[in-house]
Amino acid sequence: MKVRFSIQYHTVWGESLTLDLGGRRLPMNWGADSVWSVEDDVKASELLDYQYYVMRDGLIWRTEWEHHCRKVDGRRRSIAIEDVWIDCPIPGCPFPRRHQAEIFDRPGFRGAGTAVPVFSLRSEEDCGIGDFGDLRALVDWAAATGQCIIQLLPVNDTTRKGGWQDSYPYSPISAFALNPLYIRLQDAGVEETEAFAALRRELNALPAIDYPKVFEAKMGLLREAYARHGKADTARRDYKNFCRSNASVWLDEYALFCARRDGFEAQFYRWLQWHLDRQFSAAADYARSRGVHFKGDLPIGISSDSAEAYWHPELFNLDCSAGAPPDYFSKDGQNWGFPTYNWEEMEKDGYAWWKARLRVMSRYFDAFRIDHILGFFRIWEIPSRFRSGTMGYFNPALPYTAEEIADMLLPVEGLFHEDPRHEGCYQPLISPDTSGLEWWQKERFDAVYNDFFYHRHDQFWLRNAEKKLPELLGATGMLACGEDLGMVPGCVSGVMDHEKILTLEMAMMDKGRPWPVLSVCATSSHDMDTLRMQHQEKCGSDLSTGEAYDIVKAHLDSASMLAIFPVQDWIALDEKLRRKDFMEERINYPADPDNKWKYRMHLGVDALMADHSFCEKLRQLIKSSNR
């Protein structure tokens with residue numbers, strides 16, 4: 001049908017309006033009384049979700065508080081729609097977009113929470129690894145202590161061969177599928193026989209996760225359960241609805257990918273994902289009913305051996321891997337082992353893959369952490385033939401030509417390397433060899449190096465991020481938080497502030513300014529030492545409960561909107577509950593590419609809730625900080 005859209009909006013010089021119909025952009029025309037309009041052939045379904053953008057210089061500058069929705073008779077030949085721009089109706093709310101969890105939009109809101117990987121949870125009901133069933137008890141503990149956020153590491157499927165490589169949660173083989181090891185076996189039809197009970201006791205007695213052993217045990221039991229119940233389960237209406245709604249988005253491609261890998265029927269993998277979705281959705285709904293919200297983690301990369309890379313290789317640069325230059329975590333830099341994104345290709349359909357990925361996440365999460373947000377500005381790219389992060393380069397970048405380097409009277413050898421994305425152009429090496437230079441050449445190269453890595457790309461990278469982030473942030477109502485630590489160019493903070501993305505603040509990685517309100521503060525992360533380990537490193541002794549209490553309280557009293565602590569640091573406040581061998585509490589060593597992600601809590605999740613004095617201590621601590 002032919003639809004004419006019109007909306008009044010008073011723009012300033014250089015601004016224009018664009019209508020977004022499910023990713024289809026329609027530039028609008030300015031008319032009398034600042035009424036903008038456009039006419040086009042539109043499907044009735046497109047009117048169920050559309051929005052207007054204010055554009056500046058080809059970029060989205062301002063979005064509406066929420067999307068428009070119109071239900072019309074698709075048989076009509078023409079229709080005129082007069083809309084009103086939707087502003088935020090909440091005085092004092094700092095955000096430009098409505099969040100699906102209303103608590104985040106309350107002026108002055110400040111909350112506290114816990115960060116813990118699902119695999120680290122422990123209970124008598126799981127089987128050697130934390131599962132989605134353990135989240136219910138964790139939610140009860142969070143609610144009882146006044147917390148409102150539970151932050152999880154990525155929960156996507158990482159399955160390859162069931163070995164230790166699969167324990168790395170930031171190397172998913174699917175951006176959509178959930179990890180089968182997080183299934184609560186009993187709720188998926190695994191019978192509680194004596195043999196199962198004995199196996200569960202054996203695996204749960206281990207101080208850490210034996211990933212290969214757990215994988216073999218759980219997947220074997222799930223295949224047996226599928227053989228017994230698969231036919232009945234796959235005939236259910238809710239199973240068919242799940243498959244129908246996800247088939248074209250990701251499920252069919254994922255199931256076929258896994259079937260070819262393992263030699264099992266594709267239906268088995270659909271069945272696994274159906275159970276995972278039911279269990280995780282139930283946990284998320286229960287959390288919301290108790291005033292607790294899950295915060296997810298969005299890995300910046302997808303593996304080269306993933307379902308997405310198999311079916312859609314055009315979306316990725318498979319000749320290189322992403323990583324990080326040398327920094328606080330690693331003097332050799334980091335090589336994460338997954339390809340970078342082909343953003344130019346993704347832009348062609350309005351980043352549809354990314355939007356679908358985020359919409360699936362939003363079923364379970366009300367907030368999300370953007371792992372390595374710098375990746376949306378630029379990525380540190382390492383050619384596949386190298387392992388060291390020191391051999392990387394920026395993509396995109398503004399490299400130097402050979403003529404420009406010659407004009408500087410500098411040699412290429414030892415100082416620069418070729419930019420594979422720009423033939424005949426060069427970028428400075430992150431770890432150059434300046435030993436053979438004259439003093440004046442060293443000074444000149446130092447100036448070039450400092451400009452290239454910290455100033456030259458500011459506006460270029462700003463535009464690169466502002467092309468993507470407004471589109472992706474508007475795809476869901478999740479609260480966005482960015483991991484912005486490390487070698488951060490000056491343009492990042494401005495973009496994050498404009499889009500109201502919460503920053504990450506840590507005392508050990510001070511940014512030289514007070515922590516802003518729109519931030520998440522934390523004592524440590526999965527990539528760092530816990531508080532007690534930090535104290536051991538600095539002072540040669542364990543951190544007392546009183547000292548831990550003071551550090552946590554200082555974070556809670558800060559201006560940061562969210563204060564989220566690793567579960568290890570919460571437990572460090574109690575002498576009875578804290579772990580004796582605290583040096584075993586670190587989750588990851590970023591400098592070790594073969595790190596085994598095996599940390600598991602030394603006590604069950606139920607034990608946190610059962611210790612009433614500990615719960616009351618935390619409740620009073622959080623309450624006293626007005627969170």
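Computed over heavy atoms, backbone and side chain alike; hydrogens, waters and symmetry mates excluded.
Remark: aromatic rings of Trp343 and Trp354 are close, center separation under 6.0 Å.
Atom CH2 in Trp65 sits 11.0 Å away from atom CD1 in Ile86 (nearest 0.5 Å). Atom CZ of residue Phe132 and atom CG of residue Leu121 lie 10.5 Å apart, to the nearest 0.5 angstrom.
Between the side chains of Ser519 and Glu505, no donor N or O sits under 3.5 Å from an acceptor N or O. In summary, the side chains of Thr158 and Ser171 do not present any donor paired with an acceptor at a separation below 3.5 Å, with no hydrogens or angles considered. No hydrogens or angles considered: a donor-acceptor pair under 3.5 Å links the side chains of Tyr254 and Asp157. Using modelled atom types and a 3.5 Å distance limit, the side chains of His526 and Tyr170 yield a donor-acceptor pair. Asn317 and Thr340 form a side-chain donor-acceptor contact under 3.5 Å, judged by distance and modelled atom types alone. Side-chain atoms of Asp166 and Tyr211 form no donor-acceptor pair, as typed in the model, at a separation below 3.5 Å.
Every residue was checked against the ring pair (Phe, Tyr, Trp, His ring centres under 6.0 Å) condition with Phe368, not counting sequence neighbours, and none meets it. A search for ring pair (Phe, Tyr, Trp, His ring centres under 6.0 Å) contacts involving Tyr400 returns Phe452, not counting sequence neighbours. The side chain to side chain contact (heavy atoms under 4.5 Å, CB included) check on Phe215 picks up Thr159, Leu181, Met219, with sequence neighbours excluded. Not counting sequence neighbours, the partners of His99 by the side chain to side chain contact (heavy atoms under 4.5 Å, CB included) test are Phe95, Phe104, Asp105, Leu479. In this structure, the salt bridge (charged side-chain N to carboxylate O under 4.0 Å, His left out) partners of Asp40, at least two apart in sequence or on a different chain, are Arg24. Residues that satisfy the salt bridge (charged side-chain N to carboxylate O under 4.0 Å, His left out) test with Asp458, not counting sequence neighbours, are absent from this structure. Qualifying ring pair (Phe, Tyr, Trp, His ring centres under 6.0 Å) partners for Trp515, counting only residues two or more places apart in sequence or in other chains: His555. By the salt bridge (charged side-chain N to carboxylate O under 4.0 Å, His left out) test, Glu314 pairs with no residue at all, sequence neighbours left out. Listed by chain and number, the residues in a ring pair (Phe, Tyr, Trp, His ring centres under 6.0 Å) with Tyr351 amount to none (sequence neighbours excluded).
For the pair His68/Tyr52, a side-chain contact is recorded, criterion being any heavy-atom separation below 4.5 Å from C-beta on.
Pairing each heavy atom of Tyr182 with each of Asp131, the nearest pair is O-CB, 3.3 Å. The shortest heavy-atom contact between Ile300 and Gly375 is CD1-CA, 4.1 Å.
The pair Arg270-Glu265 does not count as a salt bridge, with every side-chain nitrogen at least 4.0 angstrom from each carboxylate oxygen.
Listed by first then second residue, pairs satisfying ring-ring contact (aromatic ring centres under 6.0 Å, His included) with a partner in residues 466-500 read Trp61-His498, not counting sequence neighbours. Listed by first then second residue, pairs satisfying salt bridge (Lys or Arg N to Asp or Glu O under 4.0 Å) with a partner in residues 353-368 read Asp277-Arg363, Arg288-Asp366, Lys355-Glu471, not counting sequence neighbours. Within the structure, the salt bridge (Lys or Arg N to Asp or Glu O under 4.0 Å) test picks out no pair touching residues 384-401 (sequence neighbours left out).
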